[in-house]
Amino acid sequence: MTLQQIFYALTISQIGSMNKAAEVLFISQPSITSAIKELEREVGINIFLRTSKGV
């Protein structure tokens with residue numbers, strides 16, 4: 001778990017969308033998705049409920 005992953009998770013939770021969070025953070029959507037998936041794997045839980053309307 002890194003501070004960057006935690007920062008990404010906080011940003012996603014505030015914005016409500018991984019795509020929009022990636023835009024705000026100036027990173028690609030696949031990068032933020034893989035960082036969150038790795039964080040979820042490390043802690044052993046799903047942090048976000050992903051839907052077609054966001055998280």
Flag side-chain contact, heavy atom, 4.5 Å: Val55 against Leu49: no

Distance, nearest 0.5 Å, that separates CD1 of Ile32 from CG of Asn19: 9.0 Å

Beyond-backbone contact of Ile36 with Gln5, side-chain heavy atoms, under 4.5 angstrom: no

For Ser31, all residues meeting side chain to side chain contact (heavy atoms under 4.5 Å, CB included), sequence neighbours excluded: Ser28

Selection residues 21-38 - residue pairs positive for salt bridge (Lys or Arg N to Asp or Glu O under 4.0 Å), sequence neighbours left out: Glu38-Arg41

Nearest-0.5 Å distance that lies between atom CD1 in Ile47 and atom CD1 in Ile12: 8.5 Å

Nearest atoms (heavy-atom pairs only) where Phe48 meets Ala9: CZ-O, 3.4 Å

Over all atoms of both residues, closest heavy-atom pair of Ile15 and Ala21: CD1-CA, 3.8 Å

Joint cluster assignment, Val24 & Leu10, ILVMFWY side-chain distance < 4.5 Å: no

Residues which pass side-chain hydrogen bond (donor to acceptor under 3.5 Å, both in side chains) with Thr33, listed by chain and number, not counting sequence neighbours: Gln29

Contact check, side chains of Leu3 and Phe7, non-hydrogen atoms, under 4.5 Å: no

Non-neighbouring partners of Gln4 that pass side-chain hydrogen bond (donor to acceptor under 3.5 Å, both in side chains), sequence neighbours left out: Tyr8

Within residues 43-54 or reaching into it, pairs that qualify as salt bridge (Lys or Arg N to Asp or Glu O under 4.0 Å) - sequence neighbours excluded: Glu40-Arg50

